[in-house]
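Reckoned from all heavy atoms, side chains included, excluding hydrogens, waters and symmetry mates.
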Amino acid sequence: MIRSGPGYAAAAFVLLFIFGPLIVVFAKAGGGVIPGPGDWAAIRFSITQATLSALFSTLLAIPVARALARRQFPGRGVLITLLGAPFILPVIVAVLGLLAVFGRSGVVNTALIWIGLPPVQIYGLHGVVLAHVFFNLPLATRILLQAWQQIPAERFRLAASLNMTAGQIARQLEFPMLRAAAPGAFVVIFALCLSSFTVALTLGGGPKATTVELAIYQAFRFDFDLGRAAMLAVIQTLLVSVVALMALKFSRGEGFGAGLDRVVTRWDAQSTLLRLNDTLVLILAALFLLLPLTMVVVNGVAGWAKMPVQVYSALWVSLMIALLSTVLTLVLALPLALTALRRGWVEVVGLFGIVSSPLVLGTGLFLIVYPFADPARLAFVVTGLVNALMALPFTLRVLIPSLRASEQNFGRLADSLSLTGWTRLRLLLLPRARRALGFAAGLTAAMSMGDLGVITLFADPSRATLPLQMYRLMGAFRMEAAAGAGLLLLVSSLGLFWILDKGGRGDVDT
């Protein structure tokens with residue numbers, strides 16, 4: 001067997017760097033600072049936008065998932081794969097694409113003005129909700145599609161033998177499934193939107209559209225009110241913790257599957273009207289997802305030559321931080337996953353990142369570092385560490401099932417051959433976990449490349465990551481240069497994911 005010592009050491013490291021900053025934040029908040037009217041407004045807005053975002057994402061995902069579940073067509077697999085894009089798409093890039101489509105001079109407003117209708121406004125509550133639906137509609141669709149495909153084929157065959165209509169099948173099979181699956185999708189998306197920062201930073205549109213995370217940032221960067229920032233961080237931690245516990249209760253993790261299992265031929269949906277309905281739903285969903293990305297590419301190519309030289313140095317910084325985060329995540333995840341095979345509580349420790357807000361951790365680390373050193377000098381190291389802790393839960397959810405399957409299938413054979421320790425790891429576990437390790441590394445690197453969170457607390461004006469440099473260009477209304485930087489960030493993130501994921505797949509089947 002594999003020794004548990006490294007796993008316990010990794011668990012202790014994770015506990016120290018997650019709960020240490022939280023304890024410092026709690027201590028700093030104390031009882032001397034109480035929420036003011038602006039703070040309560042931020043809390044209400046956070047809950048309101050998260051509720052609306054989760055509600056719209058889940059409701060709109062139902063017809064999309066239903067159409068995918070009962071239709072077979074060329075490109076279906078590609079479309080389903082596209083639904084995984086938000087996991088690796090940099091948020092700031094997606095926001096830039098949404099601005100190109102729904103902004104003041106975007107495609108939609110240009111068309112509305114051309115036909116004599118008033119333009120839409122993307123900033124404020126509706127802009128934040130729109131961006132969150134863009135990110136989370138695919139996630140909700142994946143969760144519900146997986147649930148649809150878990151309805152046994154025999155149930156549909158029995159329904160066919162009973163000559164049940166589409167409405168009867170919906171009442172007897174699909175609605176009960178949705179009652180079980182939709183609340184889980186809603187709560188997971190609510191938790192993700194509650195800790196949103198980049199979307200609110202770019203599309204919030206003022207004090208009336210400020211989330212708690214954004215209020216923490218403002219307390220630091222503009223007021224340097226550490227007591228208020230710590231108090232808000234405590235509130236954010238409590239909110240996210242409560243919602244994360246609800247998410248863990250409702251969600252079973254099936255939503256991260258590929259959704260490509262065998263689909264039953266649905267005789268009940270062969271009418272022309274239902275075919276047209278499903279086709280229209282899928283076309284609209286594809287346009288909603290693809291048009292902003294297309295605009296990022298088109299505008300990025302046009303603005304490539306107008307990027308300042310600082311963009312390339314920021315790219316180098318982002319690459320270094322992404323690689324640092326990836327190495328740290330794998331160094332922590334592998335011993336945690338190996339130990340979790342025998343000690344289930346170790347996996348729970350690794351999943352604590354779910355209830356931790358990156359900005360809250362950044363707040364605590366800032367408070368720890370500030371009395372002894374200039375936090376700006378440690379900006380990149382702290383950013384890489386926090387990104388690694390945030391990616392750790394996803395990595396463990398990918399890695400542990402692969403290692404567990406290897407032990408279940410080949411563990412007794414390895415025991416009979418006296419394979420233990422490093423030999424067992426090298427000959428049995430690592431080769432069979434290669435795919436999972438490659439995917440997890442690619443996911444971590446892509447998420448870190450696009451992160452715009454902790455770096456905003458620490459970075460000085462002379463240095464920046466690529467997402468932060470892109471945000472600064474947008475703030476200076478240099479939208480063409482920002483579009484070029486957005487395309488560079490998109491290509492870099494997808495490129496890192498592809499390289500590491502392909503490296504994990506390699507010649508594993510040969």
(message) So does Gly384 get a backbone contact from the side chain of Ser325, meaning a donor-acceptor N/O pair under 3.5 Å?
(response) yes
(request) State whether the side chain of Gln49 and the backbone N or O of Cys193 hold a donor-acceptor pair below 3.5 Å, judged by distance alone. (result) yes
(request) Can you measure from CG (Leu98) to CD1 (Ile122) and round to the nearest 0.5 angstrom? (result) 5.5 Å
(request) Report yes or no: does Asn109 contribute a side-chain atom to a donor-acceptor pair with the main-chain N or O of Gly103 at less than 3.5 Å? (result) yes
(message) Do Phe380 and Leu324 have side chains that approach each other closer than 4.5 Å (heavy atoms only, starting at C-beta)?
(response) no
(request) State whether the side chain of Thr58 and the backbone N or O of Leu55 hold a donor-acceptor pair below 3.5 Å, judged by distance alone. (result) no
(message) Looking at every heavy atom in both Ala233 and Val25, which two are closest together, and how far apart are they?
(response) CB-CG1, 3.5 Å
(request) Identify the two heavy atoms, one from Met307 and one from Gly484, that lie closest to each other, and give their separation to 0.1 Å. (result) SD-C, 3.2 Å
(message) Just verifying a value: how many Å separate Thr465 OG1 and Met470 CE, rounded to the nearest 0.5 Å?
(response) 11.0 Å
(request) Give the minimum heavy-atom separation between Ala482 and Leu96, together with the two atoms involved. (result) O-CD2, 3.5 Å
(message) Between Ser318 (side chain only) and Leu466 (backbone N and O only), is there a donor and an acceptor less than 3.5 Å apart?
(response) yes
(request) Kindly compute the distance separating CD1 (Ile143) from CG (Asn136), expressed to the nearest 0.5 Å. (result) 9.0 Å
(message) Just verifying a value: how many Å separate Leu214 CG and Leu359 CG, rounded to the nearest 0.5 Å?
(response) 9.0 Å
(request) Using atom types as modelled and distance alone, determine if a side-chain donor or acceptor of Thr210 lies under 3.5 Å from a backbone N or O of Ala42. (result) no
(request) From the options Val91, Ile189, Leu192, select the one residue that forms a side-chain contact (heavy atoms from CB on, under 4.5 Å) with Phe135. (result) Val91
(request) Kindly check if the number of other-residue, nucleotide or ligand heavy atoms within 6.0 Å of OH (Tyr312) is above 12? (result) yes
(request) For Leu500 and Ala441, work out which heavy atoms get closest and say how close. (result) CD1-O, 3.4 Å
(request) Taking the side chain as every heavy atom from C-beta outward, state whether Pro35 and Met231 have any atom pair closer than 4.5 Å. (result) yes
(request) Would you confirm whether Asn387, through its side chain, and Thr383, through its main-chain N or O, come within 3.5 Å as a donor-acceptor pair? (result) yes
(request) Kindly indicate whether the side chain of Phe134, heavy atoms from C-beta on, has any atom under 4.5 Å from the side chain of Leu89. (result) yes
(request) Could you point out which residue of Leu291, Leu203, Val107, Leu130 forms a side-chain contact (heavy atoms from CB on, under 4.5 Å) with Phe102? (result) Leu130
(message) So does Leu452 get a backbone contact from the side chain of Thr198, meaning a donor-acceptor N/O pair under 3.5 Å?
(response) yes
(message) Rounded to the nearest 0.5 Å, what separates atom CD1 in Ile47 from atom CG in Leu52?
(response) 12.0 Å
(message) Nearest 0.5 Å, please: how far is CG in Leu490 from CG in Leu293?
(response) 7.0 Å
(message) When you measure from the side chain of His126 to the backbone of Gln121, do you find a donor-acceptor pair of N or O atoms at a distance under 3.5 Å?
(response) yes
(message) Looking at Asp39 and Arg228, is any side-chain nitrogen of the basic one under 4.0 Å from a carboxylate oxygen of the acidic one?
(response) yes
(message) How close do Leu489 and Pro467 get, counting heavy atoms only, and between which atoms?
(response) CD2-CG, 4.0 Å
(request) Compare every heavy atom of Ser53 with every heavy atom of Val128, then report the nearest pair and how far apart it is. (result) O-OG, 4.5 Å
(request) Indicate whether the side chain of Ser57 and that of His132 have a donor and an acceptor atom separated by less than 3.5 Å. (result) no
(request) Without swapping roles, check the side chain of Ser448 against the backbone of Ala445 for a donor-acceptor pair under 3.5 Å. (result) no
